[in-house]
Amino acid sequence: MNELPQNAFRDRPDLYVETEGEFAGWRTWTRDSFETHNGPFWHRMDENGRVQCAFRVEKKHLNGQRNVHGGCFMSFADYCLFAIASSVLEGPGVTVSFACEFLDAAREGELVECEGEITRAGGSLIFLRGVLKSGDRSLFTFSGTIKRVKWKKPAGTGAVAT
């Protein structure tokens, strides 16, 4: 359990595995400053081979109504796109489309989880969809498309995405 295919994190030296607390054994990425600041967001593989994603709602995730801010749900869902796609992405990618629907609110202390799936993976595009839930309550649905990015290293410079 909790083991992703070996190719899932190729070229991901920023993968971090939590060693204690509620999310011990769960993974996150540390390279994305925005997600690191707005999370922590976590993912792991369940016993059926499906990627699970989750975060515990903290005060910093709330809007003025004391519900999870819509931008937080959107950021977490984008994180989920990449975690779910990790077994087929095999390298860097970018989100090229994202659609969502807000269904219900979540409050401080709640556990928000994602159920999602790859609906199609082609040569350059990966299509996904998912739902964020707290317990049995659906909070947010989303779909998105990731484009695989090829990295080229120009002579005398660092790697850049093209």
Side-chain angles (χ1 to χ4, degrees), residues 1-9 12 14-90 92-121 125-147:
M1 184 175 117
N2 201 19
E3 289 306 315
L4 294 170
Q6 193 169 27
N7 68 350
F9 300 112
R12 290 305 304 246
D14 62 327
L15 182 66
Y16 170 77
V17 179
E18 181 60 66
T19 58
E20 53 189 51
E22 175 181 18
F23 292 102
W26 290 66
R27 296 163 169 80
T28 194
W29 294 294
T30 60
R31 182 175 58 193
D32 190 311
S33 297
F34 185 84
E35 286 174 355
T36 299
H37 177 75
N38 289 286
F41 302 140
W42 302 99
H43 62 279
R44 70 177 179 183
M45 182 72 74
D46 72 12
E47 60 276 354
N48 298 317
R50 293 180 59 96
V51 173
Q52 296 177 306
C53 301
F55 78 101
R56 178 71 60 187
V57 178
E58 299 176 24
K59 190 175 200 167
K60 69 178 181 176
H61 299 127
L62 305 179
N63 62 21
Q65 298 286 325
R66 308 216 29 90
N67 296 315
V68 172
H69 192 285
C72 180
F73 276 161
M74 294 169 76
S75 296
F76 177 57
D78 187 66
Y79 174 93
C80 295
L81 289 176
F82 284 83
I84 295 164
S86 61
S87 64
V88 298
L89 186 55
E90 298 181 355
V94 294
T95 306
V96 295
S97 72
F98 183 87
C100 63
E101 295 79 31
F102 297 91
L103 306 175
D104 201 352
R107 299 269 190 180
E108 187 173 358
E110 287 188 68
L111 180 66
V112 176
E113 299 176 281
C114 175
E115 297 175 3
E117 66 180 339
I118 297 168
T119 57
R120 181 168 184 212
L125 297 175
I126 303 167
F127 301 87
L128 306 102
R129 65 180 169 207
V131 61
L132 305 185
K133 293 184 166 196
S134 180
D136 291 333
R137 289 179 17 252
S138 294
L139 305 171
F140 181 94
T141 59
F142 65 96
S143 61
T145 306
I146 295 173
K147 178 172 178 43

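These numbers come from a predicted model, not from an experiment. All residue numbers refer to positions in the sequence shown, counting from 1.
The minimum heavy-atom distance between Gln52 and Trp26, with the atom names listed, is O-CZ3, 3.7 Å. Across all their heavy atoms, Ala121 and Val88 have their closest contact at CB-CG2, 4.2 Å. The heavy-atom pair separating Gly70 from Phe102 by the smallest distance is CA-CE2, 3.5 Å. Nearest heavy atom pair, residue Ser75 against residue Phe34, reads OG-CE2, 3.1 Å. Minimum interatomic distance between Ala106 and Val112 (heavy atoms only, all atoms of both residues): CB-CG2, 4.2 Å.
Considering Glu113, Glu22, Glu108, Glu110 as possible partners of Arg56, the one that fulfils the salt bridge (Lys or Arg N to Asp or Glu O under 4.0 Å) test is Glu22. Here the rule is side chain to side chain contact (heavy atoms under 4.5 Å, CB included) with Phe127, and of Ile146, Thr119, Ile118 only Thr119 fits it.
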With ring-ring contact (aromatic ring centres under 6.0 Å, His included) as the criterion, how do Tyr79 and Trp29 come out once you've worked through the C-alpha distance, each side chain's angles and the decisive distance to 0.1 Å? CA-CA 9 Å; Tyr79 174 93; Trp29 294 294; 5.2 Å; yes
Stepwise, does the side chain to side chain contact (heavy atoms under 4.5 Å, CB included) test hold for Val51 with Arg44? CA-CA 6 Å; Val51 173; Arg44 70 177 179 183; over 6 Å; no
In sequence, state the C-alpha distance, the side-chain angles, and the governing distance for His43 and Phe82, and then conclude on ring-ring contact (aromatic ring centres under 6.0 Å, His included). CA-CA 10 Å; His43 62 279; Phe82 284 83; over 10 Å; no
If you apply the rule side chain to side chain contact (heavy atoms under 4.5 Å, CB included), what do you find for Leu139 with Lys133, and how did you get there? CA-CA 5 Å; Leu139 305 171; Lys133 293 184 166 196; 5.5 Å; no
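Considering CG of Leu89 and NZ of Lys147, their distance stands at 11.5 Å, rounded to 0.5 Å. Interatomic distance, CG of Leu81 versus OG of Ser86, reported as 11.5 Å (0.5 Å rounding). We find the CG-CZ distance between Asn38 and Phe55 to be 10.0 Å, quoted to the nearest 0.5 Å. Atom OG in Ser134 sits 9.0 Å away from atom CG in Asp104 (nearest 0.5 Å). Here the SG atom belonging to Cys53 is positioned 12.0 Å from the CZ atom belonging to Arg27, to the nearest 0.5 angstrom. Distance check: Thr141 OG1 to Leu103 CG gives 5.0 Å after rounding to the nearest 0.5 Å.
In this structure, the side chains of Thr145 and Ile126 stay at 4.5 Å or more apart for every pair of heavy atoms. Proximity of Leu132 to Cys114: side-chain heavy atoms (C-beta onward) are separated by under 4.5 Å at one or more points.
Looking only at atom types and distance, the side chain of Asp78 has a donor-acceptor partner in the side chain of Thr95 under 3.5 Å away.
Of the possible donor and acceptor atoms, none in the side chain of His61 sits under 3.5 Å from a partner among the backbone N and O of Cys72. With hydrogens and angles ignored, the 3.5 Å screen pairs no side-chain donor or acceptor of His69 with any backbone N or O of Lys60. Between the side chain of Arg120 and the backbone N or O of Leu125 there is no donor-acceptor pair closer than 3.5 Å. Checked by atom type and distance alone, the side chain of Arg50 pairs as donor or acceptor with a backbone atom of Gly116 at under 3.5 Å. In this structure, Ser143 contributes its side chain and Leu128 its backbone to no donor-acceptor pair below 3.5 Å.
A tilted orientation is assigned to the rings of Phe73 and Phe140, their planes being inclined by 30° to 60°. Ring geometry for Phe142 versus Phe98: interplanar angle under 30°, hence parallel rather than tilted (30 to 60°).
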